[in-house]
Amino acid sequence: MPIDFSAAVHASLDETVIRCDAFWGGQHRKAQSGQTMSCHSPIDGSRIAVIAACGPEDVEEAVAVARRAFESGIWRNLPPSERKLRLMAFAEEIESRSEELSRLETLDMGKPIRNVRAVDLPETVKTFRYYAEALDKIYDEIGSSPADAVSMIVREPLGVVAAITPWNYPLMLAAWKIAPALAAGNSVILKPAEQASLTALWLGELAALAGIPDGVFGVLPGDGEVVGKALCLHDDVDGVAFTGSTTVGKQVMGYAGQSNLKRVALECGGKSPQIIFADCLDLDAAAEAAAWGFLYDQGQNCTAGSRLLVEETISEDFLAQVASIVAGIAPGNPLDEDTVFGAIVDAEQMNTILDYVDAGEQEGAVTVSRGGRALAETGGYYLEPTVFGGVDPSMTIAREEIFGPVLSTFTFRNFDEAMKLANDSAYGLAAGVWTRDIDKAHRAVRTVRAGTVWLNCWDESDITTPFGGFKQSGIGRDRSLHAFDKYTELKTVWLALGSPA
Ligand code: NAD
């Protein structure tokens, strides 16, 4: 039975509960165990959906269906120009429901709808179009062959790929994986985060409408330690593309080792530094970036600039400027078009963030502004932002990813000290450097160990550029043509040339 997401989205928060089954093999399916899980909106705590909680038996069947679809060649052997048209159609199905999908995303995980409309939805559509356009324009290679032979280096799809995604950008991060994996000719099973599965579940149906053959794309909601783990341990899954915490990323690698050594690509956590040198040309812009670097989407952002490093000579004034921007930010209903700071995804995450704020105070950081719970009367999960000064690199708030609106500020005296602080982290996802000195900027780019470095800007991003982390922030890259590396194997072919007759 197709789910009438569209009607349900408009009725939501008026006591309509969406009933969502899994979608695989071209059909909506309940979990074979009959189990379900409840989905609550962080906006007001109300139950908005009941979702199939799949189990190992569902994984078993969904993988078998995906494998059969792959082996049949129904997708990978389609002419590239035809696969391209269907992925384009997938983009159109999503785009034509942009408004409903935006509302659903906000209802489900609490980020401001203006952010979803401006970023998540357009980027999702753009991602499908980018890989659709790319797929018939990429050529294989001919090696430097001797006179009596030809060597060819060709790319082949991995087979069955499991895409495991987090809750902070449910649709967009799913697209970053599904689109290149499908473009490369794989069968794909998406396992969305249990906190925010709704838009992902809609994708299953939209793929079918776009003409993606049955079995080639499925969505299996459920618990990470059940469905995610079973996919990672499955001998008939050839690759896992994971985005989530470093802790779970390490487990995913372990599962691959325990099973069939499937290919593993990881996009994990971050603790990104914004480094402000005293010679920064535009300190106002830097202060805005420092504030929004940890406030955007309530700090539930892998690239959140959660460590602010400021040169000592300007630190007092700069921190005061950041604090005054932060003081003007209050949480509000994320469905309201004017809201720029929404809800925290659930009560558990909200309490985790509050525990980190307590830890910061107990370990001796200077509280510049302390955010507590707000709007509790709504039943939703809202926090005010917190800014700490005088943070020491040994403190918990300096080392661990908080994934919430908490800023840790450090000071430094010179370039070397700034670089040492910036690299003093297990993570290496992103960094920002603010200076007018071009030599200093380039030296910083070469010294900072991070997958993305922003010079005199923050969070510039596009599907055409790779995204991923150094160190424990991950392995492999999403976005750009480099993403195909995650979803393909290289095959070398030698052809011996006989003598002409
Ligand atoms: P998480 O690690 O708790 O969960 C991510 C996914 O893994 C979910 O779908 C979950 O169900 C699944 N999972 C949980 N246990 C599993 C297991 N044992 N085996 C297989 N799968 C399992 O992460 P989260 O709380 O959903 O998301 C927040 C994290 O994601 C943060 O650390 C954030 O930095 C990271 N993240 C990284 C990027 C990036 O591109 N580097 C982007 C967004 C979020």
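Heavy atoms only: backbone and side chains are in, while hydrogens, waters and symmetry mates are out. Each ligand, and each atom within it, is numbered from 1 in the order the structure gives. Here the structure is a predicted model, which means the values were calculated and not measured.
Ion pairing of Glu489 with Arg263 is present here, as a side-chain N (NZ or NE/NH1/NH2) and a carboxylate O approach within less than 4.0 Å. Look at Glu384 and Arg373 and you find no salt bridge, because none of the NZ, NE, NH1 or NH2 atoms lies under 4.0 Å from a carboxylate O.
The aromatic rings of Phe128 and Phe90 lie tilted to each other, with the angle between the two planes from 30° to 60°.
Among all protein heavy atoms, the one lying closest to atom 9 (O) of ligand 1 is Thr165 O, 2.7 Å. The protein heavy-atom contact nearest to atom 34 (O) of ligand 1 is Glu401 OE2, 2.5 Å. Among protein heavy atoms, atom 35 (C) of ligand 1 sits closest to Gly244 O, 3.2 Å. The protein non-hydrogen atom at the shortest distance from atom 42 (C) of ligand 1 is Cys302 SG, 3.1 Å. Looking at atom 12 (C) of ligand 1, its nearest protein heavy atom turns out to be Ile164 CG2, 3.7 Å.
Within the 4.5 Å cutoff, no side-chain heavy atoms of Glu95 are placed close to those of Leu121.
Below 4.0 Å from some heavy atom of Glu194 lie the following atoms of ligand 1, by number and element: 10 (C), 11 (O). The Leu429 neighbourhood of ligand 1 comprises atoms 41 (N), with distances under 4.0 Å to a heavy atom of that residue. Taking every heavy atom of Phe467 and a limit of under 4.0 angstrom, the matching atoms of ligand 1 come to 39 (C), 40 (O). Atom numbering of ligand 1 starts at 1 in the shown order; those under 4.0 Å from a heavy atom of Leu173 are 42 (C), 43 (C). When each atom of ligand 1 is checked for a heavy atom of Lys191 under 4.0 Å away, the hits are 9 (O), 10 (C), 11 (O). If you number the atoms of ligand 1 from 1 as listed, the ones under 4.0 Å from a heavy atom of Ala193 come out as 8 (C), 9 (O). Residue Gly228 has at least one heavy-atom neighbour below 4.0 Å for each of these atoms of ligand 1: 19 (N), 20 (C), 21 (N).
Closest to atom 22 (C) of ligand 1 by heavy atom, among Gly224, Pro166, Gly269, is Gly224. Among Trp176, Phe403, Phe242, Tyr255, the residue whose heavy atom lies closest to atom 33 (C) of ligand 1 is Phe403. Selection from Gly451, Cys268, Ser473 by nearest heavy atom to atom 37 (C) of ligand 1 gives Cys268.
Partners of Trp292 according to the ring pair (Phe, Tyr, Trp, His ring centres under 6.0 Å) rule, which considers only residues two or more places apart in sequence or in another chain, do not exist here.
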Salt bridge (Lys or Arg N to Asp or Glu O under 4.0 Å) between Arg67 and Asp238: does it pass, once the steps are laid out? CA-CA 10 Å; Arg67 167 62 54 192; Asp238 304 283; 2.4 Å; yes
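When non-hydrogen atoms are compared, ligand 1 lies under 4.0 Å from the side chain of Asn168 (C-beta onward) but not from its backbone. Contacts with ligand 1 closer than 4.0 Å are made by heavy atoms of both the backbone and the side chain of Thr243. Residue-level proximity to ligand 1 for Gln195 is absent, since no heavy atom of it falls below 4.0 angstrom. For Val227, no heavy-atom contact with ligand 1 is shorter than 4.0 Å. Looking at Glu267 against ligand 1, both its backbone and its side chain come within 4.0 Å, counting heavy atoms.
Side-chain contact of Gln35 with Lys30: a donor-acceptor pair under 3.5 Å is absent, judged by distance alone. Side-chain contact annotation: Thr247 with Lys250, donor-acceptor N/O pair under 3.5 Å absent.
Here OG1 of Thr465 is found 11.0 Å from CZ of Arg477. Values are rounded to the nearest 0.5 Å. For the atom pair OH (Tyr427) and NZ (Lys271), the distance works out to 8.5 Å, reported to the nearest 0.5 Å. Atom OG1 of Thr464 is separated from atom NE2 of His482 by 10.5 Å, given to the nearest 0.5 angstrom.
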Sequence neighbours left out, cut at 3.5 Å: what donor-acceptor pairs do the side chains of residues 216-224 make with other protein atoms?
from   : atom 1 : to     : atom 2 : distance (Å)
Asp223 : OD2    : Glu225 : N      : 3.3

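Between Phe341 and Tyr296, a ring centre-to-centre spacing not shorter than 6.0 Å is recorded. Aromatic rings from Trp167 and Phe403 are positioned such that their centres are separated by under 6.0 Å.
Close to ligand 1: Pro192, with a non-hydrogen atom less than 4.0 angstrom away.
At under 3.5 Å, a nitrogen or oxygen of Trp167, whether backbone or side chain, sits near a nitrogen or oxygen of ligand 1. Ligand 1 has an N or O atom lying under 3.5 Å from an N or O atom of Ser245, backbone or side chain.
Under the 4.0 Å distance rule, the nearest protein heavy atom to atom 4 (O) of ligand 1 falls outside the cut-off.
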